[in-house]
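Each chain gets a letter, A, B and so on, in the order its sequence line appears, and its residues count up from 1. Keep in mind that what you see is a predicted model, and the values were worked out from it rather than measured.
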Protein chains: 2
Amino acid sequence: MLGTRERILTSTGELFRRQGYNGTALKQVTALADAPFGSLYHHFPGGKEELAEAVIKSSGQAYQTLFELIEDAAVDPGSAVTDFFDGAAAVLEQTGYVDACPIGTVALEVASTNDRLRQATAEVFASWVDTAARRLASHGVAPARSIELATLLVAAVEGGFMLSRAARSPEPMRASGRLLRELVESELATVRTVTTTT
Amino acid sequence: MLGTRERILTSTGELFRRQGYNGTALKQVTALADAPFGSLYHHFPGGKEELAEAVIKSSGQAYQTLFELIEDAAVDPGSAVTDFFDGAAAVLEQTGYVDACPIGTVALEVASTNDRLRQATAEVFASWVDTAARRLASHGVAPARSIELATLLVAAVEGGFMLSRAARSPEPMRASGRLLRELVESELATVRTVTTTT
DNA sequence: GTCTATAGAAGGATAGAC
DNA sequence: GTCTATCCTTCTATAGAC
């Protein structure tokens, strides 16, 4: 049995994924976490905002770990891309298009309304981009170019979640992954060519 | 002076862009539209849901028109891509990262909570993808391939809005546009090569 | 048909018993 | 420090005056 604080965090993350920040009531959170309502304010004295910040940071970290695991398991960066996009598409299908990114919806909701939470989402995105960019750079892609590619990868994942959930189809997510794999592979081919030529 | 119904529609769209569906109160809408509260229910008897559906459809149409104008003005499909992404980035900068896509936030919020609105957003996205795909197809890209590319373009725009608003920087949107321009241009180069060769 | 006042429900937050 | 009962605000929606 996990601690109450942990259960509140994971329950909030789950609800944020499907309903967003404003759509999630704290009573719903404690009900799902099977915790008394008061314990939420015991563990998060700052209320909904503090809870949300903690959820953004912890689930941002969780996704980053997941991404690293997939990348480590893949034979090359190109297949890591499709592994990740296809994996996200499969999860969407299996969960009735409910189980998406816990950051995305919240990020759009708070971007112009809550600067503390906006900054928390920005740090998560930056960390994801940084992780992906380092991987690309380790395969010889120039640093600035790696950041551009990594940014597009993260943006396309988030957009893929949006389109796939709206259409209730895995295709937008999968199609994005296929094309971005091509882009990454042609980039790596360029690197190899340049390296060989030089 | 526009009609009351029109003012309510545009005000709601404006608020949806920066606050989303759940974050926008109907009193806020009527205040911004300078309309008495009751007139909202006169023009939209179905309340918030009916209003939201109308906003999704009308602003979806408006964005499609904007996209077509940019495409018509561009010298080639590649520059149309960067024109669009750079234009979106410029609007974000000029408006303090407030004036983004009126559909995106709402789409994520309602995807698992309101099937009528989910379907409305899905139709808008499908219509955007269809428009972009037709343009690509008219330049010789195979139909299925055109749909894939168009899907990625729309997904990347939405993801670009998300990352740029979170970071309060135009770079994610611009970087995505630069890379996708390359992708589109290399696709068109392939088409020309194949056409020439055949 | 335009507008105000209010109903009824749900939200976040807190006080205080144990 | 765990939990319940309640406060106050805000939301959507409606009733009804004009």
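Out of dT4(C), dT6(D), dA13(D), the shortest distance to the side chain of L26(B) is found at dA13(D). In this structure, the nucleotide among dC3(C), dA13(D), dT4(D) sitting nearest to the side chain of P36(B) is dC3(C). Of all nucleotides listed (dT4(D), dT12(D), dG11(C)), dT12(D) comes nearest to the side chain of F37(B). Of the candidates dG1(D), dT14(C), dT2(C), dG1(D) carries the atom nearest the H42(A) side chain, counting heavy atoms from C-beta on.
The minimum heavy-atom distance linking A150(A) with L136(A) is given by the pair N-CD1, 4.1 Å.
A salt bridge is absent between R134(A) and E68(A); no separation between the charged side-chain nitrogens and carboxylate oxygens falls under 4.0 Å. With respect to E171(B) and R178(B), a salt bridge is recorded, a charged nitrogen being found less than 4.0 Å from a carboxylate O. Note on D99(A) versus R17(A): salt bridge recorded, some NZ/NE/NH1/NH2 to OD/OE distance being below 4.0 Å. A salt bridge does not link R116(A) to E50(A): none of the charged nitrogens lies less than 4.0 Å from a carboxylate oxygen.
Here dT9(D) presents its P atom at 14 Å from NZ of K27(B), a figure rounded to the nearest Å. Atom CG of N114(A) and atom P of dG12(C) are 14 Å apart (whole Å). Regarding F44(B), its CZ atom lies at a distance of 16 Å from the C1' atom of dG1(C), rounded to whole Å. The distance between atom CD1 of I8(B) and atom C1' of dT2(C), rounded to the nearest whole Å, is 12 Å. Spacing between atom CG of L51(A) and atom P of dG11(C) amounts to 15 Å, rounded to whole angstrom units. Atom CD in Q19(A) sits roughly 14 Å away from atom P in dA10(C) (whole-Å rounding). Atom CG of N22(B) and atom P of dC11(D) are 12 Å apart (whole Å). Straight-line distance from the NE2 atom of H43(A) to the C1' atom of dG1(D): 9 Å, rounded to whole Å.
Mapping Q28(A) and G38(A) onto DNA chain C via the closest heavy atom, the residue that lands nearer the 5' end is Q28(A).
Using a 4.0 Å cut-off, some side-chain N or O of Y41(B) falls inside it from OP1 or OP2 of dA13(D).
T30(A) comes within 4.0 angstrom of no nucleic acid atom, judged by non-hydrogen atoms across all strands.
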